[in-house]
Amino acid sequence: MSDDRRRAERRIEELGRQLRAHERDYHVLGRPTISDLEYDALFNELEALEAEFPDLRSDDSPTLRVGSDLSSDLPEVEHTVPVLSLDKAYSVDDVSRWIDRTVEAAGGDLAFVVEEKIDGVSIVVYYEGGVLRRAVTRGNGYVGNDVTENVRTIRSVPLRLVRPVGIAVRGEIYL
């Protein structure tokens, strides 16, 4: 085994340990111990090493899943479309590149609203026939907690839309 491979193996194991500990602090204990930027740097380093040495990725690698906010206190519901991580941008150039990719993928002009990140609880609100039917936390991206009755109390979330459409709306709830 080469020295580079040995170093990569040790670093991958260390990054995995660090990231799992930080995930527990953030998602389970609700007490993050590092900034999002610091976490992302560790995560990106792990992703790059695993791309270079794919056989060294462990079955429990943090790169294989999204964070979860699932609670055993609330009913679980499957999402109709996976609610995966959003792209991250740290500079104006990052945002510009993302806009270019998105416009190209859409095949036409789009309108955007850009704001600084507000860290709250990711939520998907499902409307059927224009009526709010269900509100679900992000959970693990595939299954989330049903918090419909809680979301109905938020006055800025419409209970009925102007048009009778079926739509899933993803957003962030914060105080």
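V125 is connected to I154 through a chain of hydrophobic side-chain contacts under 4.5 Å among Ile, Leu, Val, Met, Phe, Trp and Tyr, so both are in one cluster.
Looking only at distances, a side-chain donor or acceptor of E38 sits under 3.5 Å from a matching main-chain atom of S35. A donor-acceptor pair is defined here as one N or O able to donate and one able to accept, closer than 3.5 Å; such a pair exists between the side chain of T148 and the backbone of A135. Side-chain atoms of T137 come within 3.5 Å of backbone atoms of N145 as a donor-acceptor pair (strictly under, hydrogens ignored). Checking side-chain atoms of Y127 against main-chain N and O of P158 turns up a donor-acceptor pair under 3.5 Å.
Classification of E14 and R17 as a salt-bridged pair holds, one side-chain N sitting under 4.0 Å from a carboxylate O. Note on R5 versus D55: salt bridge recorded, some NZ/NE/NH1/NH2 to OD/OE distance being below 4.0 Å. Here E13 does not pair with R10 in a salt bridge; the nearest charged N to carboxylate O distance is not below 4.0 Å. Ion pairing between D100 and R97 fails under the 4.0 Å rule for side-chain N and carboxylate O.
Remark: L74 CG to E149 CD distance equals 11.5 Å, nearest 0.5 Å. To the nearest 0.5 Å, the span separating CG on L161 from CD1 on I167 amounts to 7.5 Å. Rounding to the nearest 0.5 Å places CZ of F53 at 7.0 Å from CD1 of I12. For the atom pair CG of L42 and CG of L15, the computed distance is 6.0 Å after rounding to the nearest 0.5 Å. Distance check, rounded to the nearest 0.5 Å: CG of L159 to CG of L132 gives 6.0 Å. For the atom pair CD (Q18) and CD (E23), the distance works out to 12.0 Å, reported to the nearest 0.5 Å.
H79 approaches G141 most closely through the heavy-atom pair CD2-O, 3.9 Å. For the pair L46 and S61, the tightest heavy-atom approach, listed with the atom from each and the gap, is CD2-OG, 3.9 Å. Nearest heavy atoms, E172 versus S122: OE1-CA, 3.7 Å. The two residues Y26 and P32 make their nearest non-hydrogen contact at CD1-CB, 3.7 Å. V157 and V151 get closest at one heavy-atom pair: CG1-CG1, 3.9 Å.
Within a 6.0 Å radius of CZ in R6, other residues, nucleotides and ligands contribute more than 12 heavy atoms.
In this structure S91 satisfies the side chain to side chain contact (heavy atoms under 4.5 Å, CB included) test together with D93, D94, sequence neighbours excluded. The ring-ring contact (aromatic ring centres under 6.0 Å, His included) check on F112 picks up W98, with sequence neighbours excluded.
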Exercise. Can you check side-chain contact (heavy atoms from CB on, under 4.5 Å) on R170 and I123, steps first, answer last?
Worked result: CA-CA 6 Å; R170 182 175 178 177; I123 196 86; over 6 Å; no
Exercise. Between E50 and T63, is a side chain to side chain donor-acceptor pair (under 3.5 Å) present by the stated rule, with each step listed?
Worked result: CA-CA 9 Å; E50 289 177 346; T63 63; 2.5 Å; yes
Exercise. Taking it one step at a time, do H22 and T33 satisfy side-chain contact (heavy atoms from CB on, under 4.5 Å)?
Worked result: CA-CA 7 Å; H22 291 305; T33 52; 3.0 Å; yes
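Side-chain contact check for D146 versus R134: some heavy-atom pair is nearer than 4.5 Å. The side-chain heavy atoms of V147 and V136, taken from C-beta on, include no pair separated by under 4.5 Å.
In this model, a donor atom of one side chain and an acceptor atom of the other lie less than 3.5 Å apart for S58 and D60.
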